[in-house]
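Residue numbering restarts at 1 for every chain, and letters A, B, ... go by the order of the sequence lines. What's counted below: heavy atoms across the whole structure, side chains too, no hydrogens, waters or symmetry copies.
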There are 2 protein chains.
Amino acid sequence: MGSARITAYDVAKAAGVSQPTVSRVFSRSASVDPAKAERVRAVARELGYIPNLVARSLNSGNSFRIGIVLAYLKNGFFGEALQDLSKALNKQGYSVTVYFAGNSSDEVDAIVDDLLADQVDGIVLASISLSNALVSRVRKSGIPCVLFNRGQSDPGTSMVTASNFEGGKQATEFLIKAGHKRIAHLAGWRKALNGVDRRDGFLAAMESAGLNPLACVDCHFRRNVAMEETRKLFAQNEVPDALFVANDHMAFGVLEVLREELGLRVPEDVSVIGYDDAPMASWKTFDLTTVRQPLRQMIDATANTLLNEITNPSCAPEKIEIPGELIVRGSARIPTGTARPKAQT
Amino acid sequence: MGSARITAYDVAKAAGVSQPTVSRVFSRSASVDPAKAERVRAVARELGYIPNLVARSLNSGNSFRIGIVLAYLKNGFFGEALQDLSKALNKQGYSVTVYFAGNSSDEVDAIVDDLLADQVDGIVLASISLSNALVSRVRKSGIPCVLFNRGQSDPGTSMVTASNFEGGKQATEFLIKAGHKRIAHLAGWRKALNGVDRRDGFLAAMESAGLNPLACVDCHFRRNVAMEETRKLFAQNEVPDALFVANDHMAFGVLEVLREELGLRVPEDVSVIGYDDAPMASWKTFDLTTVRQPLRQMIDATANTLLNEITNPSCAPEKIEIPGELIVRGSARIPTGTARPKAQT
DNA sequence: GTCGCGCATGGGGACGCTCCCAATCCCTGT
DNA sequence: ACAGGGATTGGGAGCGTCCCCATGCGCGAC
């Protein structure tokens with residue numbers, strides 16, 4: 001019942017005005033006599049009229065929809081990011097459609113086709129593991145696009161990341177200041193710029209302290225791989241006394257191996273520092289010292305950059321780095337002289 | 001550059017056919033001479049033509065978009081659900097747009113307006129905490145809608161849930177069989193049917209075993225509330241020896257309080273059972289015995305039900321319950337005679 | 001050989017809206 | 001009182017696609 005949608009024409013008829021006038025009332029594109037506008041609005045409310053965004057899109061060329069391409073949502077970090085991004089963009093009148101990309105090149109092509117068919121006004125590429133092929137195909141499409149938390153050395157595309165190099169350096173310096181000498185890094189993924197930057201920050205800090213990394217292994221940002229590498233590290237002659245792990249998700253697994261399997265105490269036997277400040281990091285179970293990714297600011301920067309590119313297509317791509325912050329909790333030994341801040345949530 | 005999108009008309013001109021013929025080739029709506037169709041496809045590929053879904057929507061009245069309304073994505077369970085649902089619907093040619101609802105009634109109205117404006121073909125209401133006002137407003141809109149994992153006693157709306165009553169009963173019986181007598185339930189939310197059903201399953205199992213619940217408190221599905229209630233329970237004279245917690249997210253918090261704050265051993269001092277089988281439940285850190293929500297099947301049922309309602313608007317609403325399964329791990333004492341299965345992941 | 005049936009095709013008209021433009025109206029200044 | 005100008009309004013033409021319908025063509029059957 002009532003399946004017949006009310007159109008602007010119906011409202012116009014009922015309000016005794018022309019259809020374009022109704023359109024003007026709802027799109028504020030031009031001036032309308034205030035009294036008449038109010039009458040139109042009243043009639044529209046009564047009839048339950050809501051402008052049809054599809055028709056508006058077709059006509060105006062703007063769909064007011066943003067596509068966000070993800071690979072996984074299990075990480076938690078991306079779930080939160082999606083939620084915040086959606087809210088930020090909704091506030092500007094855009095809705096967010098999700099696209100999940102696998103890694104096969106067929107899928108990549110299909111996703112770009114979907115994005116084009118859906119006429120999205122802008123694209124956020126949000127998962128680290130998205131293939132580079134996707135980035136270049138998206139770019140070729142000419143649709144404004146921002147890489148979120150997913151660096152790539154493509155100079156033509158805007159991107160927003162945390163200051164990963166600085167963050168890695170900061171975490172490592174914290175470990176060094178606490179007196180650790182045998183420090184290892186469980187790295188992210190050598191093909192993802194944010195993993196690489198964190199690693200480089202680690203290496204730089206080690207070098208300027210005159211220390212040799214005990215190890216520095218690629219873990220693909222995968223929990224299971226990080227756990228396995230941890231086992232290997234502690235099966236060797238010289239075992240680490242501190243680990244810098246490239247994200248929290250892996251760090252949780254590392255903590256599990258250290259405590260449950262190897263019976264080590266954290267931080268007495270081994271210090272652990274993660275990266276992200278995922279919600280779980282503050283749980284007492286983990287109490288993980290970590291580098292916070294300032295999600296809210298990254299989201300805001302992403303939304304602003306994207307909207308800016310949409311509004312102003314000729315503007316140059318931006319590379320934005322948002323500085324992080326070391327959140328000191330209980331999983332890493334605290335350098336003497338550093339006041340441990342009160343519990344940070 | 002190249003910002004001028006290719007249209008069916010361009011393809012038609014280049015291929016020497018009429019525009020409707022191009023349309024027919026891409027919508028397979030009617031027969032086209034195979035040779036000609038192939039030529040059209042070749043030209044289209046060369047020109048980079050992709051049918052404009054917006055125009056198709058306007059014309060056909062179907063947007064081929066589904067709206068999914070969520071409250072939170074931090075839980076993890078919903079993130080996974082969103083991902084699976086999106087993939088399932090994409091396979092049928094639908095894309096998924098997300099809408100985040102707060103609880104204020106203004107927001108609810110705004111979301112329904114957005115859904116209507118966007119002309120979504122169907123709606124999935126996916127978060128437990130969505131207000132009932134939203135459900136009834138969506139229903140009034142006449143757009144096909146399925147409640148996912150979020151029961152409500154609205155007979156007019158389809159819903160897909162786990163067999164929450166059975167699950168609650170099963171978990172409780174497991175505790176009883178293990179010899180527990182002082183069993184408490186940290187319940188979900190009294191306004192959400194799946195929380196209520198789990199609770200009722202708990203109560204039914206207790207009653208038929210002739211036991212009185214030590215406690216049964218509403219925790220709103222919130223981790224912090226569950227933690228606080230746990231502290232209160234163990235501050236009393238008679239303390240529980242087993243807890244059935246209405247979801248895993250809360251159970252993780254409960255475990256934390258028991259181990260870290262109260263210094264209790266699990267399951268030696270207290271058994272804990274959760275609900276959901278969230279990915280983290282299998283981590284050795286938690287090793288949580290829990291009732292699995294068969295996500296994949298629930299998603300499939302949701303997608304099928306929704307698509308069925310879209311295709312066939314007059315069909316009766318369906319209430320689908322997917323049976324769960326108790327996943328036995330280490331957080332609850334195991335009844336003698338029950339072989340503990342090998343580690344389940 | 002002619003008639004007829006059926007598939008393939010193009011023309012024209014929506015879908016609901018926005019934009020451009022011309023027409024109208026009222027108000028002000030002289 | 002009249003001309004001029006600004007604000008307001010309606011008409012009409014699309015936006016890119018799919019659907020209805022009429023036409024045309026080929027082939028089989030009588």
Side-chain angles (χ1 to χ4, degrees), chain A residues 3-41 43-44 47-65 93 113-121, chain B residues 3-41 43-44 47-65 93 113-121:
Chain A
S3 78
R5 287 274 173 85
I6 307 294
T7 74
Y9 184 74
D10 299 328
V11 176
K13 234 176 13 183
V17 299
S18 74
Q19 183 273 323
T21 298
V22 175
S23 167
R24 275 187 281 260
V25 169
F26 282 91
S27 61
R28 345 186 176 304
S29 60
S31 48
V32 177
D33 176 54
K36 197 172 286 187
E38 194 38 61
R39 182 152 46 97
V40 168
R41 260 188 284 268
V43 171
L47 264 51
Y49 168 70
I50 291 178
N52 183 329
L53 228 54
V54 170
R56 182 179 288 180
S57 298
L58 179 59
N59 191 292
S60 67
N62 299 112
S63 64
F64 293 98
R65 272 181 295 120
D113 285 358
D114 286 349
L115 288 163
L116 287 171
D118 288 348
Q119 309 286 117
V120 296
D121 289 340
Chain B
S3 78
R5 289 275 173 82
I6 307 294
T7 73
Y9 183 73
D10 300 327
V11 176
K13 232 173 18 180
V17 298
S18 74
Q19 183 274 323
T21 299
V22 175
S23 167
R24 274 186 283 260
V25 169
F26 283 91
S27 61
R28 340 188 178 305
S29 61
S31 47
V32 178
D33 176 54
K36 198 171 285 190
E38 194 37 61
R39 181 153 46 95
V40 167
R41 260 187 284 267
V43 171
L47 264 51
Y49 167 71
I50 291 177
N52 183 330
L53 228 54
V54 171
R56 183 178 287 179
S57 298
L58 178 60
N59 185 288
S60 67
N62 300 112
S63 63
F64 293 99
R65 273 182 293 120
D113 285 357
D114 286 348
L115 288 163
L116 287 171
D118 288 348
Q119 310 287 114
V120 297
D121 289 341

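- Across the interface with DNA chain D, nearest-nucleotide mapping of D33(A) and P20(A) shows D33(A) to be the residue nearer the 5′ end.
- Scanning for side chain to side chain contact (heavy atoms under 4.5 Å, CB included) contacts around N59(B) gives an empty result, with sequence neighbours left out.
- A donor and an acceptor atom sit less than 3.5 Å apart, one in the side chain of Q19(B) and one in the base of dC18(D).
- Comparing T21(B) and S60(B) by the nucleotide of DNA chain C that holds the closest heavy atom to each, the one mapping nearer the 5' end is T21(B).
- Atom pair N59(B):CG and dC17(C):P shows a separation of 15 Å (rounding to whole Å applied).
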Any chance you could lay out the side-chain contact (heavy atoms from CB on, under 4.5 Å) test for T7(B) and N52(B), step after step, and finish with the verdict?
CA-CA 8 Å; T7(B) 73; N52(B) 183 330; over 6 Å; no

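- Under 4.0 angstrom from either OP1 or OP2 of dG10(C) there lies no side-chain N or O belonging to Y9(B).
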Check residues 114-121 of chain B and write down every donor-acceptor pair under 3.5 Å in which the side-chain atom is one partner and the other belongs to a residue at least two apart or another chain.
unit_1	atom_1	unit_2	atom_2	d
D118(B)	OD2	Y99(B)	OH	2.6
Q119(B)	OE1	R5(A)	NH1	3.1
D121(B)	OD1	S63(B)	N	3.0
D121(B)	OD1	S63(B)	OG	3.3
D121(B)	OD2	S63(B)	N	3.1
D121(B)	OD2	F64(B)	N	2.6

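- Proximity note for K36(A) (side chain, C-beta onward) versus dT17(D), dC17(C), dT9(D): the nearest is dT9(D).
- Between I6(B) atom CD1 and dC15(D) atom C1' there is a gap of 16 Å when expressed in whole angstrom units.
- Following rounding to the nearest Å, K13(B) (NZ) and dT9(C) (C1') show an atom-to-atom distance of 19 Å.
- Between the CZ atom of R24(A) and the P atom of dA7(D) there is a distance of 14 Å, rounded to whole Å.
- Residue whose closest nucleotide on DNA chain C sits further toward the 5' end, between G16(B) and A55(B): G16(B).
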Evaluation steps, side-chain contact (heavy atoms from CB on, under 4.5 Å), between Y49(B) and V43(B)
CA-CA 8 Å; Y49(B) 167 71; V43(B) 171; over 6 Å; no

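- You'll find that the side chain of L58(B) is closest to dG16(C), out of dT18(C), dG10(C), dG16(C).
- The distance from atom CG of N62(B) to atom P of dG16(C) is 13 Å, rounded to the nearest whole Å.
- As a whole-Å value, the separation of D10(B) CG from dT17(D) C1' is 13 Å.
- In this structure, CG of N52(B) is placed 19 Å from P of dC15(C), rounded to the nearest angstrom.
- Considering only side-chain atoms of T7(A), the nucleotide from dC17(C), dC18(D), dG16(D) that sits closest is dC17(C).
- Residue S23(B) has a polar side-chain atom (N or O) positioned under 4.0 Å from OP1 or OP2 of dC18(D).
- The structure places OH of Y9(B) at 10.5 Å from OG of S18(B), a figure rounded to the nearest 0.5 Å.
- When the P atom of dT17(D) is taken as reference, atom CZ of R5(B) falls 11 Å away, rounded to whole Å.
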